[in-house]
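For reference, the structure discussed in these notes is given below.
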Amino acid sequence: MVLLTYSVILTTICIIEILKADGFCGWSLYPYFDYVSRVHATPFIDFRSGYPPAGLIPYYLLFQFSDGVASFQLYFTLVNVGALALSMFFIYLVLSSAYSKANAMKSIVIIASLPFIAMLSLYSHGWYKTLYGVYVLHSVEPLSLLFMTVGLYCMIVRRSPILTGLFIGLGFMTKIYPILLLIPAIALFRSRSDALELLYATFASTFIISLPFLILDPFMYATVFLHHALRGPSNTIYALIEGFYGHTGLLHPAFDQFLYHWQFVKAYIPRTNDHAFYLWKKPSLPIVLFIGQATALIACYLLLRKHSNSRTFVKGSCLTILSFVFFSKLYSPHFAAFILPIVVISLDKFIHKLLFGVSLYVMHEIQGLIWSRNFYDLRFPLFTSEVIIRSSAILIVIALLSYELIKGSSNAN
Amino acid sequence: MLINKLKLVFISGLLLTLVSTATFTVDVFSFPYGETEYYSGVIEMEYGKESSLILPELKPSDRVFISLHTTASVDLMISTGSNVIATAPFEIEGRPHVFVDYLVVTKRYLFIAEEAGDYALYFTPSTPKTPYSLVKSGDLNITISQTTFNGHKMLNVTLSSFKNMGERFPKIFLIYPVSVTVKEDFEVSGFIGLLKGGVGMVTIDIVDETDYAFYSYLILEFFVKEGTLRFFEVNATSEEMFGYGNISGDDISFICIGMALDKSHFAFENENIVYASVLLGDLNISNGGKLVKVDAEAHNVFSVPYEVYMFAKYRPSYYVYVLQSFTVIGLIMVGAVFFTRGKRKR
């Protein structure tokens, strides 16, 4: 009932925002869908898209069903608010089981209030209202957050390898990062049969969703993932090291997306100012980061494999995702949609949860200032500060969770 | 007994999945995905006239990617037999234009050959070749020519638009790519003027990669009179239109001349067409003791180096459908074993 009321209030506010905006509410998938629709192109077969199938096709169907920007935004918002509310419900179930109902409620309050607080942003329009927009108006994150939280619920509460694998696969096919839950899941489902079931369910759900595209054009489908893996750095300390100060926007003609990645490589020279097809000034940096990510994932698995406590796996899931994000070459404000919930549920003390929520909000306010015309001359110091503060906050949480898990291991021994 | 049957189904399902997946992989990689037909050369073009290029026979679904290395704007028409083929609209994820060099310095086109056959490309330059690439925003007709005014060699850029159509401030950017770090002595200077009509504004715009910003410096304003010619200079500490713009030490990638019409301009109260003929002289860009002079020249006849890439597109055979069906059946068999075992456990 509480979540239903929350959804109704959030949806009402969103509708008012959409009507007030009289057009695009900041960045939106609408112009992109409009383009591919006009040139009669089928996603994943005629062109590489920006999202995996389960993250794109539901929204593309909404576009086909809508009769303009406003109705598309409305359907989009309804889906995202619904996904967000359901995510909270599953977070509540996970935390009630692993901690207590009081802990669950406190965490939900922080996560649920953020879209509302973000609306009090200093800027009244555009994607400056970063967090609010991310959660509700223009990103596919709520849907992948839903699959991730259901996966977490199946892993920690239901202890079902098949269902966990199913939702990890669905999440992977929505926005890639939920696949990271496979690390804590393998550590939890240690018996050979459980591990096989988990891997089977993850592979089967991924395969079934991918099947039409694997049949019709496996090369274009591979290009979707390859292109993203090879993008440039952005909004991270590694971007600062590289000297790239732009954002993650894919500044490419949409028609470039009609080619396979290796075909495009032949026709186009990468540039140091083109994030979509980036020429690294320090070519070893992406390799170092990849090794960092792989090492972090192995370390998380090793830390978790001797545990079976629910709380440890809530923390371990967060540690896995944050460690991967820390070594990621790029950061987008959209990541907040899963970073906030996963960090809030993994911290024990309410004050820590609150501090992280507030710091994330402040960092996103700085993001708003950075991309605003009013702060051109201050942009570089603001950009640098935001990146350093955010990376430090993530590093502190990683250190805290690692300490707790190592301490837990030695106590268990 | 049941355990043995389950084992048999499991192993059969696993084998079926593995064998069909392996066969599918071999089949897919037998497609020549890495092969590209590539042609390059130089084509002679003349402003307003058509030049053609005949392509070798294309296969169905082939993607043809054409690059023209010229600053001139060139329209492309593609035909096969008596049919005209559409090129992909020139947009960046829904946005009409963004200042990224490959978009403006190299003209790129893509079309998809729906059917096998011979295809011909017809190029028609819509502007002469100048040192600047042109990006247009809004409903505008543009003509560019070389002229002499008060003894200065200048480009005459004429913008015109119907008063009651489209946006109020249609504009163009003449874009000159640079790759410099701005030193203390950085300066962009030259002559700018209004020959005829009424202009919304003319600006020098600098794309700053360090600030990730687009700085605009006003050099010709709304109320300027016909026949005006003035010298302008913008340096590293000049204040731009919005009060910002210290670009010392920043990396910059483009210097643009922005020209906008204003459809509510007082000069055209009773006319249906608004226009402005803007005069632009040589542009001098000095930085770190070096001077680059961008000549105000327009060439009606020019040579254009081109590249044509013909990329094959994968098309599945019926064999692939069969293989994938086997994979699905194999997966279902394995899944059925897991499901049955799970039920027995409960």
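Residue numbering restarts at 1 for every chain, and letters A, B, ... go by the order of the sequence lines. Owing to the predicted nature of the structure, the values given are computational and were not obtained by experimental measurement.
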Is any side-chain heavy atom of A:L216 less than 4.5 Å from a side-chain heavy atom of B:Y321? yes
A:R158 atom CZ: more than 12 heavy-atom contacts under 6.0 Å: no
Report which part of A:F203 has an atom under 4.5 Å of a heavy atom belonging to chain B: side chain, backbone, both, or neither. side chain
In terms of heavy-atom contacts, A:I162 and B:F338 come closest through CD1-CB, 4.1 Å
Are B:K313 and A:L259 side-chain neighbours, meaning at least one heavy-atom pair lies under 4.5 Å? no
Please classify the contact of B:L323 with chain A as side chain, backbone, both or neither, using a heavy-atom distance under 4.5 Å. neither
Under 3.5 Å donor-acceptor, A:Y200 side chain and B:V334 backbone: no
Are A:Y245 and B:D211 packed together at the side-chain level, in the sense that at least one heavy-atom pair is separated by less than 4.5 angstrom? no
Heavy-atom distances under 4.5 Å only: say whether A:D34 touches chain B with side chain, backbone, both or neither. neither
Identify the heavy atoms of B:F24 and A:L214 that sit nearest to each other, and give their distance. CZ-O, 3.4 Å
Angle class for the B:F29/A:F219 ring planes (parallel below 30°, perpendicular above 60°, tilted otherwise)? perpendicular
Which value, rounded to the nearest 0.5 Å, describes the distance between A:I45 atom CD1 and B:S61 atom OG? 11.5 Å
Hey, which of A:A204, A:A41, A:S160, A:P218 has the most heavy atom pairs under 4.5 Å with chain B? A:P218
Could you tell me which non-hydrogen atom of A:I215 sits nearest to which non-hydrogen atom of B:Y314, and how far apart they are? O-CE2, 3.7 Å
What's the spacing between A:F207 CZ and B:Q324 CD if we round to 0.5 Å? 4.0 Å
Using the side-chain contact (heavy atoms from CB on, under 4.5 Å) rule, pick out the option among B:D250, B:T210, B:D208 that qualifies with A:F380. B:T210
Crowding at CZ, A:F63 (>12 non-hydrogen neighbours, <6.0 Å): yes
OG-CZ distance between B:S179 and A:R271, expressed to the nearest 0.5 angstrom: 6.5 Å
If you compare all heavy atoms of A:F258 against all heavy atoms of B:I112, which two are closest, and at what distance to 0.1 Å? CD2-CD1, 3.8 Å
Which pair of heavy atoms, one from B:F311 and one from A:A267, lies closest together, and at what distance? CZ-CB, 4.3 Å
Applying side-chain contact (heavy atoms from CB on, under 4.5 Å), run through B:R108 and A:Y268 and close with a yes or a no. CA-CA 10 Å; B:R108 291 170 190 271; A:Y268 176 70; 3.7 Å; yes
Give a yes or no on whether B:M201 atom CE has more than 12 heavy-atom contacts from other residues, nucleotides or ligands under 6.0 Å away. no
Counting only N and O atoms by type, is there a donor-acceptor contact under 3.5 Å from the side chain of A:Q263 to the main-chain atoms of B:A312? yes
